[in-house]
There are 2 protein chains.
Amino acid sequence: MKMSDVAKLANVSPATVSRVLSNPELVSKETRKKVLDVINQVNYKPHIVARQFRTQETKMILVVVPDITSAFFSKVLRGIEHMAIDHGYQVILGDTEHDINRELEYINLLHQKQVDGMVLLTARIDKEKLQDISAHFPMVLACEYMDGLDVPTVSIDNISSARKATEHLIQLGHKRIAHITGPMNIILSRDRLKGYRQAMLGHDIPIDSAYIQEGELTFESGYDQTMKLLALEAPPTAIFAFNDEIAMGAMKAAKDSGLSIPNELAIIGFDNIKMAMMVEPGLTTIDQPKYAIGKKAMELLLKQINNESIKKKKFVLKDELIIRQTCGAEQQTVSHV
Amino acid sequence: MKMSDVAKLANVSPATVSRVLSNPELVSKETRKKVLDVINQVNYKPHIVARQFRTQETKMILVVVPDITSAFFSKVLRGIEHMAIDHGYQVILGDTEHDINRELEYINLLHQKQVDGMVLLTARIDKEKLQDISAHFPMVLACEYMDGLDVPTVSIDNISSARKATEHLIQLGHKRIAHITGPMNIILSRDRLKGYRQAMLGHDIPIDSAYIQEGELTFESGYDQTMKLLALEAPPTAIFAFNDEIAMGAMKAAKDSGLSIPNELAIIGFDNIKMAMMVEPGLTTIDQPKYAIGKKAMELLLKQINNESIKKKKFVLKDELIIRQTCGAEQQTVSHV
DNA sequence: CTGAAAGCGCTTACAG
DNA sequence: CTGAAAGCGCTTACAG
C-alpha cells in the first residue's frame with residue numbers, strides 16, 4: 001500500500017495525501033477527512049525511507065558513546081534521548097568500546113547522510129579532524145572539553161571539579177593523597193589530573209609521583225592500583241579516583257587489606273553514579289549533571305540542524321560535591337559556584 | 001558529489017560505479033581501478049538513504065529495551081550489537097522506560113520500513129499483537145518467554161532458575177523465605193514467582209502471602225520492601241529478590257536495621273550484574289548469559305531477515321548459580337543442568 | 001564486461 | 001485548495 005493507492009481510494013492526487021500527512025493546514029477540512037478516513041481504513045503507513053530520501057533529512061541523530069554499559073553514560077543518553085524524541089528525532093547508538101576505529105566508522109554515518117547530526121560523548125580522534133567534521137555537519141561534543149576547539153561543547157569544568165575533590169581531602173587533614181587516573185589518552189583523565197595537581201600545589205603539598213597511578217576505567221583496575229598504592233612504604237591516607245567505578249575497586253582493596261574506610265583510608269570518586277549511594281559506606285563523590293548535559297547537548301545539536309545560530313559554544317554545567325561516608329566528613333551537600 | 005559525477009570523471013556509466021561499490025567482481029580489473037581512483041580522489045561517499053530506498057532494506061535493526069540504564073540490558077545489547085555489526089547492520093535503540101505506548105511507537109518503525117527487523121527485550125503488548133507483528137516482520141523476543149507464543153525466543157528458563165535460587169536458601173536451612181517480586185505485569189516477575197512457589201511447595205514449606213512483596217525494579221524499592229518484611233511479627237530469615245538491584249536494596253535495608261548478612265538475613269539476587277560482585281558482602285545470585293542471549297537473538301533475527309528457515313523457535317540458555325557471601329554457603333559455582 | 005533506462009515512494013515548486 | 005510533473009540518488013534487469 002503506497003501513497004498513490006491511498007490517493008486513488010480517496011479520489012485525490014498523491015500530492016494531497018502527502019499534504020494531509022505533512023502539512024494538513026494546506027488541505028480543506030473535507031478533503032482532509034476523506035483522506036484520513038481512507039488512511040485509517042487501510043492502515044496506511046508512509047514509507048519513511050522514501051520521505052527521508054526526498055527531503056534529504058533522516059530525522060535521526062547519532063550518539064557516539066565510549067562504553068554503553070557505563071552507568072554514567074546511560075544517564076547522559078537518557079537526556080539526549082528525551083530531547084530528541086520530543087523533537088521528532090530517533091537516536092542511533094554508536095558504542096565504540098573505546099576503539100578509535102569504531103569512532104571513525106560511526107562518523108562515516110554523517111558523511112553518508114544516514115544521520116542528521118551527531119553527539120560525541122567521547123573524542124579520541126584528533127582536534128583537526130573534529131574541527132573539520134564540525135565545519136561540515138551538525139555536531140556537539142559532550143562530557144569532554146577540548147581546549148581551543150571550535151565545536152559546541154557541554155560539560156562540567158573537570159579541572160575545577162577535580163581540584164575541589166582533592167581539596168576536600170586536604171581540608172580533612174590529608175597530605176598523602178594519591179590519584180588513580182584514567183588512561184592518559186582520554187582528555188578527561190588529563191583534566192582531572194590537572195585539578196589534582198592544582199589542589200596539591202595550591203596547598204604546598206609536594207606531589208609524590210608514586211602516588212599517581214594510571215589505570216583503566218574499571219572496578220578491577222581500581223582494585224589493582226589501590227593494592228599497588230597500599231604496598232608503598234608510605235602508603236597514601238586518601239585516594240582520589242578518576243571515577244566511581246574505580247573508587248569502588250579501591251574500596252574493595254581497602255577492605256581486603258583490612259583497612260577501615262574512612263579512618264585508615266579515605267576515598268573520593270567522580271560522577272555520582274547510582275551505585276555510589278548503594279555501596280557501604282556510601283561513596284563521597286563529585287556529581288555530574290548527567291541528564292542535563294545530555295539534554296543541553298541535544299538542544300545545541302537541534303539548533304545546528306535547524307540552522308539557528310549558536311552564540312555561545314562552550315557550556316559549562318555545575319557539578320556538586322556529594323559528601324557521604326568514605327571521606328569522614330560530616331554528611332552534607334556543597335554546591336559548586 | 002554523487003554517483004553520476006564520479007561516473008563522468010571516470011568516463012564510465014553510473015551503473016558501473018554502482019557495481020564497483022556493490023559487486024566489484026562484475027567489473028573488469030582496469031575499470032575497477034579507474035573508478036576507485038576517482039572515488040578516493042574526490043572522497044566520494046555513496047548516499048546510503050538513496051541506496052536504502054532503492055534496495056528496500058535499511059540494514060538497520062531496532063532493539064527495544066525497557067530500561068537503557070540497566071546494567072543487565074546493556075550487556076545483552078552488547079551481544080546484539082557485536083553480532084549486528086559483524087553482519088553489516090546498525091542498531092537503533094528504543095528505550096521504552098517500561099512504557100507500553102513507547103513500545104508501540106517503536107514497533108511503528110517496522111511498519112514504516114525504517115528498520116529491517118526488531119529484537120524485543122521486553123514485551124508489554126499482548127500476545128496477539130506480538131504474534132501478528134511477527135507474522136509480518138522479522139522479530140525476536142529475548143530475555144522473556146511467553147508461553148504458547150509462536151515467535152522466536154531466546155531466554156533462560158526463569159521458572160527453573162527461580163526455583164533453584166529458592167532451593168539454595170532452603171538447603172541452607174531457611175524456611176521463612178520471602179520473595180520480592182517485580183511488577184506483576186512483567187512476565188518475568190510472574191515466572192520467577194512461579195519458581196519460588198514451586199520450590200516452597202516442593203519442600204512442603206507453607207507460603208505466607210505476607211512474604212511475597214511486589215516492588216518496582218529498583219534499589220529503592222528493594223530497600224522499602226525489605227523494611228516492610230523486617231517489620232513483620234515473624235520476619236523472614238532469607239529473601240529471594242527478583243533481581244540484583246532489588247537485592248542490593250535489601251542488603252542496605254538489612255544493614256540499616258542492624259542485621260548481619262548472611263547470619264541474620266540471607267539474600268539472593270538474580271541476573272549477576274557486575275555490581276553484584278562489587279558489593280560487600282558479595283551477592284549470591286543467578287547468572288544469566290547476557291551476552292550470549294543478545295548474540296543468539298541477533299543470530300535468529302538475521303536468519304529471518306535473510307529468509308532462512310528457523311527450525312527451532314525457542315532457545316533456552318543455561319543459567320548458573322553464583323555463590324558468594326550473602327547466603328552463607330561456601331563459595332563455589334554450581335552449573336545448571 | 002558495460003551502458004541506457006526504468007523505477008523505488010515520496011515531496012514540493014509551479015500553475016491554475 | 002488541488003493536481004500534474006519533476007526529481008531526490010541510487011540499483012538492477014535487460015540488452016548488447
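Letters go in sequence order (proteins before strands), and every chain restarts at 1.
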First and last nt of DNA chain C near chain B, cut-off under 4.0 Å to heavy atoms, 5' to 3', are C:dC1 to C:dG9

Scan B:Leu109, B:Val64, B:Ile61, B:Leu141 and name whichever one has a side chain to side chain contact (heavy atoms under 4.5 Å, CB included) with B:Met118.
B:Val64

What residues form a side chain to side chain donor-acceptor pair (under 3.5 Å) with B:Ser22, not counting sequence neighbours?
none

B:Glu30/B:Lys33 ion pair, N-O < 4.0 Å
no

Please state the C1' separation for the pair D:dT12 and D:dG16 - nearest whole angstrom.
16 Å

Heavy-atom pair with the smallest gap, counting every atom of A:Met139 and A:Pro152:
O-CD, 3.7 Å

With a 3.5 Å distance limit and no angle check, can you tell me whether A:Ser18 reaches the backbone of A:Pro14 through a side-chain donor-acceptor pair?
no

Among residues at least two apart in sequence or on other chains, which ones pass side chain to side chain contact (heavy atoms under 4.5 Å, CB included) with A:Glu308?
A:Lys303, A:Asn306

If you measure from the P atom in C:dC1 to the same atom in C:dA5, how many Å do you get, rounded?
23 Å

Mind listing the residues from residues 9-32 of chain B sitting with a heavy atom below 4.0 Å of DNA chain D? Number order is fine.
B:Ala15, B:Ser18, B:Arg19, B:Ser22

Identify all stems in which DNA chain C takes part, counting only runs of at least 3 consecutive pairs (Watson-Crick or G-U wobble, each distance under 3.5 Å), and give each as one range with another, ordered by first number.
C:1-3 with D:14-16, C:5-12 with D:5-12, C:14-16 with D:1-3

B:Ile107 CD1 to B:Lys129 NZ distance, which is reported to the nearest 0.5 Å:
8.0 Å

For the residue pair A:Ile133 and A:Leu110, what are the closest heavy atoms and their distance?
CG2-CD1, 3.8 Å

Value rounded to 0.5 Å, distance of CZ in A:Phe73 from CD1 in A:Ile80:
10.0 Å

With sequence neighbours left out, which residue pairs that include part of residues 93-103 of chain B fulfil the salt bridge (Lys or Arg N to Asp or Glu O under 4.0 Å) condition?
A:Arg78-B:Asp95, A:Arg78-B:Glu97, B:Glu97-B:Arg102

